[in-house]
Amino acid sequence: MTKHIDDMSFLDHLEELRWHLIRATLGVVIAATLAFICKKFIFDVIIFGPTKMDFLTYNGLCQVSKFLGMTDTTFCADEFPFVIQNRTVAGQFSAHIWTSIYAGFIVAFPYVLYQLWSFISPGLKPSERKNSRGFLVIASLLFFTGVLFGYYIVTPLSINFLANYQISELISNEFDVSSVIAIVRSSAIASGLVFELPIIIYFLTKVGLVTPQFLRKYRKYALVIVLILSAIITPPDIASQVIVAIPILILYQVSTYISAVVVKNQNRKRKHV
C-alpha cells in the first residue's frame with residue numbers, strides 16, 4: 001500500500017527519489033542504446049551534418065549573402081578546409097559510447113522531466129498541480145527548441161568560423177573527431193538548457209526567490225550576463241554572439257512577464273482568503 005506523502009519519513013522520500021532516478025536513468029539508457037544501434041544516422045547525418053557545405057543552414061546563409069551582394073563569403077564555399085581524424089586507439093569507440101549517452105539524454109529528456117515531476121508533484125497543493133499541468137509539455141518544447149537552435153544556428157556558425165580561421169597558410173586543419181563532436185554536443189545541450197529559463201523563473205517566482213521587480217531592476221546586468229554567455233557558447237565574432245543573444249533576451253523578457261503573472265495570481269488568491 002502506497003503511503004500518503006504526509007506519512008512519509010525522510011528515508012521514505014529518499015527511497016522514492018532513488019526509484020525515480022533509477023527510472024530516469026533506465027529511460028536514458030534505452031534511448032542511448034537505440035542511438036548506439038543507429039550509428040550511421042547519428043554520426044553521418046547529425047553529428048557530421050554541419051561539417052558539410054550542403055547543410056541546410058549554410059545553404060540559407062549563402063542565399064542571404066548573395067541577396068545582400070556579398071560574393072566573397074565562406075557560406076558559399078564548396079567544402080571546408082579541414083579533415084576529421086582520430087588520433088587515439090579507442091577514440092572512435094569512446095566517441096560512439098559517449099555520443100550515444102548524450103543523444104539518449106536529449107531524446108529521453110521529457111521522460112526524465114516526468115520522473116522529476118512525479119517526485120515533486122505529490123508535495124504540491126491541488127491548485128498548484130492544476131496550474132502546472134502543462135509543465136512537462138512546455139518544458140520539453142522549450143528544451144527541444146533550444147536544442148534545434150543550438151544545432152542549426154550555433155553549431156554551423158561555430159564550425160564555419162573556426163574552420164576558416166587561419167593564422168598562417170603553412171598550417172593545415174586536421175580536427176580530432178572528439179573536438180568536432182564536442183562543438184555539436186555542447187552547442188545543442190547548452191542551448192536546450194538555456195531555453196528552460198522561463199520554467200526556472202516560474203518556479204523561482206512561485207517560491208518567492210524572484211520577483212518581476214527584481215528582473216526589471218537588474219535587466220541591464222542580465223544583458224551583460226547574456227552577452228558573456230553568448231560569447232562562451234559561440235565563436236568570438238560579433239555576428240554570432242548577436243544571433244545567439246537575441247533569443248536569450250527574448251526569453252528573459254518572456255520570463256519577466258511570466259513572473260509578473262505568477263505574482264499577480266498569488267496576490268489575487270491572498271485577497272480572497
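Hydrogens, waters and symmetry mates play no part in the numbers below; they use all other heavy atoms, side chains included.
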Kindly determine whether Ser100 and Ile42 satisfy side-chain contact (heavy atoms from CB on, under 4.5 Å), including the steps that lead there.
-> CA-CA 8 Å; Ser100 298; Ile42 292 294; over 6 Å; no

Please check if any side-chain donor atom of Tyr111 sits under 3.5 Å from a side-chain acceptor atom of Gln115, or the reverse.
-> yes

Are Ile201 and Val254 close enough, and set up right, to give a side-chain contact (heavy atoms from CB on, under 4.5 Å), and what steps lead you there?
-> CA-CA 10 Å; Ile201 294 297; Val254 171; over 6 Å; no

Aromatic rings Tyr152 and Phe55: how do their planes relate, parallel, tilted or perpendicular, breaks at 30° and 60°?
-> parallel

Parallel, tilted or perpendicular: ring planes of Phe109 versus Phe105, cut at 30 and 60 degrees | perpendicular

Between Gly27 and Ala108, what is the shortest heavy-atom contact and its length?
-> O-CB, 3.7 Å

Roughly how far, to the nearest 0.5 Å, is the CD1 atom of Ile84 from the CD1 atom of Ile47?
-> 10.5 Å

Crowding at CD, Gln85 (>12 non-hydrogen neighbours, <6.0 Å) | yes

Neighbour count >12 (heavy atoms, 6.0 Å) for atom OH, Tyr114 = no

Aromatic plane relationship, Phe119 with His20 - under 30° parallel, 30 to 60° tilted, over 60° perpendicular = perpendicular

Which of parallel (below 30°), tilted (30 to 60°) and perpendicular (above 60°) describes Phe203 and Phe135?
-> perpendicular

Option among Tyr58, Tyr151, Phe75 that satisfies the side-chain contact (heavy atoms from CB on, under 4.5 Å) test with Pro156 = Tyr58

